[in-house]
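Since we're looking at a predicted model, the values are computed, not measured. One-based numbering, in listed order, for ligands and for the atoms of each.
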Amino acid sequence: MKKSEKEDLKRRRLERLVSRIAMYKKDMAERLLETKKIFKNKVHAVDIHCHSNHSDGLGTPTEDYECAKNAGIDFLFITDHLSIKQKREIKKYKDASWGQEPGACHQHIGLLNNSRLFTPLKESLAEDFRKAGKLAPFVWIPHPAGWYPAQWYRDEQIEALWTLGDNFAMEVMNGANKTISAYDAFDAKAVQIWDKLLCDGKRVTAVGGSDAHIPDDIGSVWTGVSEARLEASSIISSLRKGNCFASEAPLMDFSCDGKPMGSEIEIRKKTKIKLSFKIADSAGIASFSIVANGRILKHVDAGNKTLLKDSITHIPLKNTYYRLETVSSDKRRAFSTPVYMVLC
Ligand SMILES: [Zn+2]
Ligand SMILES: [Zn+2]
């Protein structure tokens with residue numbers, strides 16, 4: 001085969017791949033739209049984490065934005081590493097905004113809508129995280145277990161999460177280098193770390209970000225934000241309250257005694273609480289679990305129903321948190337931010 005023929009073949013293969021991904025993203029966008037109709041509650045799919053060519057992303061901010069729209073993402077934050085110059089191009093879209101994701105000591109730090117460029121000192125994660133919180137109305141920890149597929153974090157990098165105070169947000173699913181779906185061993189580890197933090201009494205909001213460096217990867221995972229208008233400030237306010245979940249497709253709502261995800265519930269000793277949940281996925285739900293203090297309290301095989309709505313009552317033990325997780329028929333996950341019990 002001549003060199004020009006080889007190159008032609010390579011180009012055609014690439015074109016075919018790109019068109020397949022586009023078809024796939026369209027399917028996912030339609031699935032999400034259908035799921036929203038079934039679910040009925042207002043919820044937005046927000047990607048809080050992706051990169052453009054203002055750092056190591058391949059696409060321009062506009063290309064990122066267009067891919068997000070094709071994938072059914074309602075709102076996009078472009079979080080380049082050491083730049084907020086993407087802001088200039090992205091702010092012309094009503095349903096997009098900027099942020100930043102610098103590498104810090106031990107971990108990366110994610111910021112949304114920061115007022116100016118943040119440069120970590122890289123001496124202490126806690127100190128940089130606190131400073132980031134002064135520049136940005138919402139900060140979180142991306143990929144806490146490491147970065148797929150290249151790098152598992154060392155114990156000391158993970159242990160640094162325990163220095164972040166009692167209340168922060170963390171990616172429990174990250175889509176780096178994933179085009180189709182996000183959940184992998186790194187996310188399984190992130191969920192494990194999350195339960196450990198929660199068992200130690202920390203309040204850790206669950207978020208998901210695509211961490212896309214190629215625009216086509218946007219849509220692999222996102223954060224479902226409840227009760228927000230489609231604008232950065234309203235979305236950020238829901239994220240701050242923890243009224244959100246990380247998802248690859250299912251929509252969920254979880255509450256305790258009528259209070260939403262992220263709430264503190266004051267309980268008296270030996271008093272029953274009511275946990276209510278609603279899950280939807282137009283492609284079918286395989287199962288769901290309610291997790292309390294790192295253990296499965298209730299697991300249900302859902303038989304591929306597209307909507308589940310129910311509640312259970314339970315008498316909480318001291319310092320309990322409850323969270324909801326679900327798996328769709330094609331193994332897509334969603335994790336709710338917990339509700340937290342406070343004994344009074
Ligand atoms: Zn990162
Ligand atoms: Zn990133």
Please list all pairs meeting ring pair (Phe, Tyr, Trp, His ring centres under 6.0 Å) that have one or both residues in residues 283-313, counting only residues at least two apart or in different chains. Phe277-Phe288

Can I get a per-line list of side-chain donor-acceptor pairs under 3.5 Å for residues 182-193, giving both atom names and the distance, sequence neighbours left out?
| residue | atom | partner | partner atom | Å |
| --- | --- | --- | --- | --- |
| Asp184 | OD1 | Phe186 | N | 2.8 |
| Asp184 | OD1 | Asp187 | N | 3.1 |
| Asp184 | OD2 | Lys178 | NZ | 3.0 |
| Asp187 | OD1 | Asn174 | N | 2.8 |
| Asp187 | OD2 | Asp184 | N | 3.1 |

Going by the side-chain contact (heavy atoms from CB on, under 4.5 Å) test, name the single residue among Ile78, Ile73, Asp95, Thr60 that passes it with Tyr65. Asp95

2.8 Å cut-off (strict), protein N, O or S atoms about the Zn ion (ligand 1): 3

What residue pairs, at least two apart or across chains, pass ring pair (Phe, Tyr, Trp, His ring centres under 6.0 Å) with a residue in residues 1-33? none

Sub-6.0 Å ring centroid separation between His143 and Trp152: no

To the nearest 0.5 Å, what is the distance between NZ on Lys131 and OG on Ser124? 8.5 Å

